[in-house]
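First the structure, in the form of structure tokens, and then the observations on it.
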Amino acid sequence: MVRVKMAILKTEAIVLRMQEYGESSKILTLYTRDYGRLKVLAKGARRLKSRFGGVLDLINYITIVFYQKVTRDLPLLSQADLVRPFLHLREDLHRLALASALVELIDRTESGQMPNPRLFKLLVGCLIGIDESGNAEVYFDYFTLHFLGFAGFRPRLRRCLHCGQKPKGYVVNFQFRRGGYFCENCSSNNQEGGLQVSVATIHSLLALRDANFTTVGQFSFSQTIQREIEALFLYFLRYHVEGFRNSTSLEFLQRLDKNNLTQWLQSTQTCKEEISV
Ligand SMILES: [Zn+2]
């Protein structure tokens with residue numbers, strides 16, 4: 001008899017994506033705490049009386065047991081239990097758009113591929129915030145800002161790229177290629193385009209970067225600052241993060257456009273030469 005080597009593994013996961021497989025099964029893409037992004041085969045998951053029930057719905061927070069056979073490409077899902085279903089997301093299009101954008105960041109970038117328990121904890125914490133908080137956008141901002149750090153593209157927010165001074169005055173000129181900004185003085189000589197944002201937005205991002213899960217829920221930004229933060233992220237992700245040039249979730253968020261982002265970008269000095277929105 002040939003003995004097939006098999007490992008039984010258990011971990012926590014967020015459901016990122018699902019595709020149908022065969023007549024009754026699903027292939028799930030999960031972001032797991034201990035193994036990074038992982039595809040598993042859930043046999044019979046599309047049957048009405050499937051043992052998985054609604055546990056495998058998108059963006060659910062679950063625990064899984066799966067088998068990894070040496071001879072098989074795709075691990076087999078054996079058991080899945082719901083930790084948290086994020087029910088408010090399903091009833092609120094704006095919350096869902098914010099959560100979908102986070103999930104897409106993990107699903108489409110290299111940072112989601114490798115195991116990173118800190119990034120997993122950040123994702124779960126921010127999904128809980130988006131689901132429950134009266135100010136869901138701040139959790140989207142908090143996640144994206146820290147995600148950029150994990151991805152190696154931490155924006156340079158403390159000082160002007162040219163003179164090294166802390167920003168004075170009212171506006172700075174953000175340079176996406178350089179990952180930072182020119183202050184008001186230095187940007188008068190700058191011919192490189194860029195996106196003009198307020199110094200208040202830079203200070204808000206700095207405060208958010210120093211925040212933690214206990215304090216982040218207390219943040220609340222004006223519509224103007226939130227719009228500028230979203231614009232900065234939109235450009236930054238598209239410019240720097242491979243796999244995010246065409247993001248359906250960010251486009252979806254733009255279409256919902258709670259903060260009139262698109263209109264504002266069209267009316268302000270934009271960085272069309274650097275990247276188009
Ligand atoms: Zn300067």
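Counting starts at 1 for both ligands and their atoms, following the listed order.
- Listed by first and then second residue, the ring pair (Phe, Tyr, Trp, His ring centres under 6.0 Å) pairs involving residues 37-59 amount to none (not counting sequence neighbours).
- Any protein N/O/S atom under 2.8 Å from the Zn ion (ligand 1) was counted, giving 4 altogether.
- Across Leu123, Leu122, Leu208, Asp141, a single residue satisfies side-chain contact (heavy atoms from CB on, under 4.5 Å) together with His146, and that is Leu122.
- Leu119 has its side chain within reach of Phe143: a pair of non-hydrogen atoms, C-beta onward, lies under 4.5 Å apart.
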Enumerate donor-acceptor pairs with a distance under 3.5 Å from any side-chain N or O in residues 152-171 to protein atoms, sequence neighbours excluded.
| from | atom 1 | to | atom 2 | distance (Å) |
| --- | --- | --- | --- | --- |
| Arg159 | NH1 | Gly164 | O | 3.3 |

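- The closest side-chain donor-acceptor pair between Ser187 and Asn173, if any, does not fall under 3.5 angstrom.
- The stretch residues 19-38 participates, sequence neighbours left out, in these ring pair (Phe, Tyr, Trp, His ring centres under 6.0 Å) pairs: Tyr31-Phe120, Tyr35-Phe66.
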